[in-house]
Amino acid sequence: MSHTTHLHRVFGFARHCNSGGIGIRPIIVDAVSIVCLLLFLTIGLARFEEIRGASDLGVYRGIAMRAEEVDAGTRESVDSEYPPLVTGVFWLVNGVGSRHGDFARAWVVFVCFAAVLAWICLRRFGAEDAALAAAGLFLTTRFLGPQLVFGRYDILMTLALFLSWRAHVHKAYAESAGWLTFATALKAVPLLAFPLLFAATPRRRRLSLFIGAFVAGVISLLLPVAVLGVDGTVSNITFMLSYHGHRPVQLESLWSGLSFLYSALLFRKDPTGFSHMSFANFAPGSLPILAAKLLIGGAILFLLLKGYRSRKERGFGIPLVALMTWSVGVSPVLSPQYVLWMAPLLFAVLCDRILAGRAGGRVAVLFLLTVAVVSLTQWIFPLHYGAVIDQDPTAIIVLNLRNFLLPVIVYHLLVEGGYVRSIGSRLTIPPFRKFFLQYCVDSCAIATGVLLLVSVYPRLFPALDHAVWKSGEETGTVSAWQLSRDFPSDRLQFIASLTVPAFAQHRWFQLRVDDCLEGMTVNGFALPPEAAFCDGSGQGHTIDLAGFMHTGPNTIMIDVKNTGGPMGVHVTTLPTILIRLLLGTALMALLWYALQCYRMVRSLSLSLQAEGPKMFYTLRNIWSRFRSSAQDSWMISVGLKPSRFI
């Protein structure tokens with residue numbers, strides 16, 4: 001009997017209750033809903049001091065105070081990186097909190113009030129709808145932590161998405177579009193879900209979507225205008241667009257994690273710094289921003305084409321969660337609270353599948369993956385964020401694991417929603433002996449590839465043989481390209497000896513100094529005066545050393561001037577085209593082998609299901625014969641004659 005049949009039996013009671021077979025079910029669902037809601041509210045109120053430490057609450061209060069200055073006429077523009085509706089919410093909460101002198105407490109009470117109000121609106125649709133929202137919020141808070149749930153305003157967008165999804169389930173299409181519009185007024189990302197909402201709505205009812213979106217859009221615009229005025233609202237929008245238009249790649253994003261991993265294999269660290277109220281990774285550049293837009297746009301087109309080509313009614317829940325999860329996964333700004341956009345919805349969708357009697361093994365896998373993602377997010381922030389900033393190897397592994405699980409969740413959602421076929425359904429079951437031999441060969445190939453990559457790639461880059469520093473009368477040695485500390489003098493001289501491999505001549509180096517580069521000498525030749533710079537941004541300068549460096553040993557001397565704080569120098573080797581080609585080829589080969597390994601594991605499970613019983617009976621017969629032979633031999637050795645031989 002398959003695991004899916006077992007799960008259907010387990011949840012058969014819920015399916016029977018859902019059809020009206022047991023009248024006590026609404027009472028049970030309401031009890032579960034109220035308990036989950038009370039637990040959610042209790043966590044927020046009981047752990048208030050932990051939530052108070054959320055850094056964003058101070059930012060929210062600062063925005064509210066600037067909005068008050070605009071309202072009083074002492075300030076001309078509202079410098080807020082958030083949409084005008086959110087700025088108005090901060091202004092209102094600060095107005096209530098100022099009476100008691102505690103913005104944080106007023107904010108937590110406001111979040112609790114919003115959750116209760118959303119629960120009441122969902123209860124209007126039915127007991128199940130309110131229970132799904134309460135369970136999703138409680139589970140997310142339990143595994144993600146109250147600081148991220150209550151200390152960020154993203155919870156408001158999540159509640160609006162809940163209401164939009166459940167309103168669509170109950171065929172309240174205008175209301176569904178209205179709540180999705182409110183979510184878009186809080187964060188721009190839900191705007192991407194409008195095409196999916198349009199495709200999931202019957203053709204005769206699509207006009208109501210435009211009506212609901214128009215009414216909600218007008219309300220979302222009038223509320224901030226009433227608080228901030230027309231000029232304040234326009235200045236808020238202008239500042240927001242300018243602020244996010246130059247935002248770099250954030251430290252916790254998929255792109256930053258891969259860049260960290262790539263740099264760790266080369267025994268160096270990425271340049272990072274504080275930018276746009278968060279820590280950013282400057283190594284990936286602007287390419288991930290373009291890639292994220294293309295990947296999100298491709299996901300929307302894929303879901304739309306699959307939805308229009310199929311006559312099967314897919315609904316709005318799974319496409320919405322899949323799109324939100326994918327957007328979070330590939331976003332260049334994957335703040336920890338972004339997981340809050342999809343985790344409560346995903347928990348609710350899984351509970352909905354269980355109550356509807358459509359729970360299978362994939363639902364259990366999705367539940368475990370969701371728990372893993374939110375738990376790893378809490379591990380990253382706030383528990384070990386310092387290790388991520390320092391690019392600790394353990395933190396890099398955890399970060400990439402969390403980011404890798406997000407696309408895996410999307411894949412399982414697409415399979416669950418019927419958009420793609422499972423990889424296992426396309427696998428053939430080879431003979432077990434042949435499969436086992438192939439599995440061993442492929443595993444050895446993967447291990448060999450990893451060992452070659454780890455051992456060969458560091459040798460493709462200049463090796464730091466010896467490095468010393470001089471500051472005043474003191475000297476010291478370092479064993480890495482990075483040096484940053486307090487020195488007795490405001491002058492620092494960094495002298496390094498490195499060996500350049502013969503087959504990969506390097507010419508481009510990225511140099512970051514704290515604070516000013518006064519001069520640089522390579523193999524006795526001084527760089528021209530225009531090479532000097534002061535690195536106020538912390539992003540460093542790229543220097544072309546062609547003509548100065550040669551194959552074999554080289555000596556670099558760097559003179560640095562300090563203008564305050566720690567002083568240091570950080571040299572990064574930029575790979576040549578040959579190195580990039582070799583790295584790309586090796587990574588593609590490892591990726592292909594990893595996919596083969598995954599297919600082999602799936603084939604192994606299918607092969608064991610097919611031949612496992614046969615192998616078990618074969619081994620049992622061999623063991624029985626072995627025991628019989630051993631007993632006969634012992635009896636003969638002591639001079640006894642077995643009766644079955646007579």
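Excluded from the calculations below are hydrogen atoms, water molecules and symmetry mates; all remaining heavy atoms, backbone and side chain alike, are included.
Shown here is Arg61, whose CZ atom has no more than 12 heavy atoms of other residues, nucleotides or ligands within 6.0 Å.
Screening residues 189-235 for ring-ring contact (aromatic ring centres under 6.0 Å, His included), with sequence neighbours left out, gives no hits. Sorted by first then second residue, the side chain to side chain donor-acceptor pair (under 3.5 Å) pairs that include residues 129-151, not counting sequence neighbours, are Asp129-Arg166, Asp129-His170.
Heavy-atom minimum distance, Pro248 versus Ala280: CG-CB, 3.5 Å. When all heavy atoms of Leu304 and Ala199 are compared, the pair lying nearest together is CD2-CB, 3.7 Å. Heavy-atom minimum distance, Thr87 versus Ala67: CG2-CB, 4.2 Å. Of all non-hydrogen atoms in Gly329 and Leu406, the two that sit nearest each other are CA-CD1, 3.7 Å. Heavy atoms only, all atoms of each residue included: Glu252 and Leu334 are closest at CB-O, 3.5 Å. Shortest non-hydrogen contact noted between Ala185 and Pro83 is O-CB, 3.1 Å.
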Phe103 and Met65: side chain to side chain contact (heavy atoms under 4.5 Å, CB included), yes or no, with the steps?
CA-CA 11 Å; Phe103 176 84; Met65 295 178 66; over 6 Å; no

When you look at Leu92 and Phe110, which way does the side chain to side chain contact (heavy atoms under 4.5 Å, CB included) test go after all the steps?
CA-CA 10 Å; Leu92 293 173; Phe110 171 75; over 6 Å; no

Given side chain to side chain contact (heavy atoms under 4.5 Å, CB included), test Cys112 with Val116 step by step and report yes or no.
CA-CA 6 Å; Cys112 294; Val116 173; 5.5 Å; no

Trp119 and Leu137: CA distance, side-chain angles, deciding distance, side chain to side chain contact (heavy atoms under 4.5 Å, CB included) verdict:
CA-CA 11 Å; Trp119 183 87; Leu137 291 175; over 6 Å; no

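Taking CG of Leu45 as the reference point, atom CZ of Arg105 lies at 9.0 Å (rounded to 0.5 Å). The distance from the CG atom of Leu39 to the CG atom of Leu139 is 10.0 Å, given to the nearest 0.5 Å. The distance from the CG atom of Leu295 to the OG atom of Ser331 is 11.5 Å, given to the nearest 0.5 Å. Atom OG1 of residue Thr325 and atom NE2 of residue His412 lie 12.5 Å apart, to the nearest 0.5 angstrom.
Under the 4.5 Å side-chain criterion, counting only non-hydrogen atoms from C-beta, Phe150 is in contact with Phe40. Here the side chains of Leu228 and Val70 are not in contact, with every heavy-atom distance at 4.5 Å or above. No side-chain heavy atom of Arg362 sits under 4.5 Å from any side-chain heavy atom of Arg353. Considering only heavy atoms from C-beta on, Tyr385 comes within 4.5 Å of Leu251 through its side chain. In this structure the side chain of Thr158 reaches within 4.5 angstrom of the side chain of Phe162, judged on heavy atoms. Residues Tyr60 and Val93 have side chains not in contact (no heavy-atom distance under 4.5 Å, counting atoms from C-beta outward). Looking at Leu405 and Leu376, their side chains come closer than 4.5 Å, going by heavy atoms from C-beta outward. You'll find the side chain of Val108 stays beyond 4.5 Å of the side chain of Arg52, heavy atoms only.
Checked by atom type and distance alone, the side chain of Ser327 pairs as donor or acceptor with a backbone atom of Leu323 at under 3.5 Å. Checking side-chain atoms of Thr181 against main-chain N and O of Ala177 turns up a donor-acceptor pair under 3.5 Å. No side-chain donor-acceptor contact under 3.5 Å links Trp255 to the backbone of Asn281. At distances below 3.5 Å, at least one donor-acceptor pair connects side-chain atoms of Asn403 with backbone N or O atoms of Ser253. Under a 3.5 Å cut-off, the side chain of Ser235 and the backbone N or O of Gly232 do form a donor-acceptor pair. Between the side chain of Thr377 and the backbone N or O of Pro336, no donor-acceptor pair lies under 3.5 Å. Of the possible polar contacts, none joining the Trp107 side chain to the Asn94 backbone as a donor-acceptor pair under 3.5 Å is found. Side chain of Ser33 to backbone of Val29: no donor-acceptor contact under 3.5 angstrom is found. Between the Ser176 side chain and the Ala172 main chain, no donor and acceptor come within less than 3.5 Å of each other.
Phe239 is linked by a ring-ring contact (aromatic ring centres under 6.0 Å, His included) to nothing, counting only residues two or more places apart in sequence or in another chain. Shown here are the salt bridge (Lys or Arg N to Asp or Glu O under 4.0 Å) partners of Glu81, two or more places apart in sequence or in another chain: there are none. Shown here are the ring-ring contact (aromatic ring centres under 6.0 Å, His included) partners of Phe138, two or more places apart in sequence or in another chain: there are none. For Arg152, the salt bridge (Lys or Arg N to Asp or Glu O under 4.0 Å) test picks out Asp56, with sequence neighbours left out. Arg75 meets the salt bridge (Lys or Arg N to Asp or Glu O under 4.0 Å) test with Glu69, Asp79; sequence neighbours excluded. In terms of the ring-ring contact (aromatic ring centres under 6.0 Å, His included) criterion, residue partners of Trp179 (sequence neighbours excluded) are, by chain and number, Phe182. Under the rule for a side chain to side chain donor-acceptor pair (under 3.5 Å), the partners of Thr201 that lie at least two apart in sequence or sit in another chain are His168. Contacts of Ser335 classified as side chain to side chain donor-acceptor pair (under 3.5 Å), with partners at least two apart in sequence or in another chain: Gln250. Listed by chain and residue number, nothing satisfies the salt bridge (Lys or Arg N to Asp or Glu O under 4.0 Å) test with Arg205 (two or more places apart in sequence, or in another chain).
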Can I get a per-line list of side-chain donor-acceptor pairs under 3.5 Å for residues 338-352, giving both atom names and the distance, sequence neighbours left out?
unit_1, atom_1, unit_2, atom_2, d
Trp341, NE1, Asp154, OD2, 2.8

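Taking the six-membered ring where tryptophan is involved, the planes of Phe90 and Tyr153 are perpendicular, since the angle between them exceeds 60° and thus also 30°.
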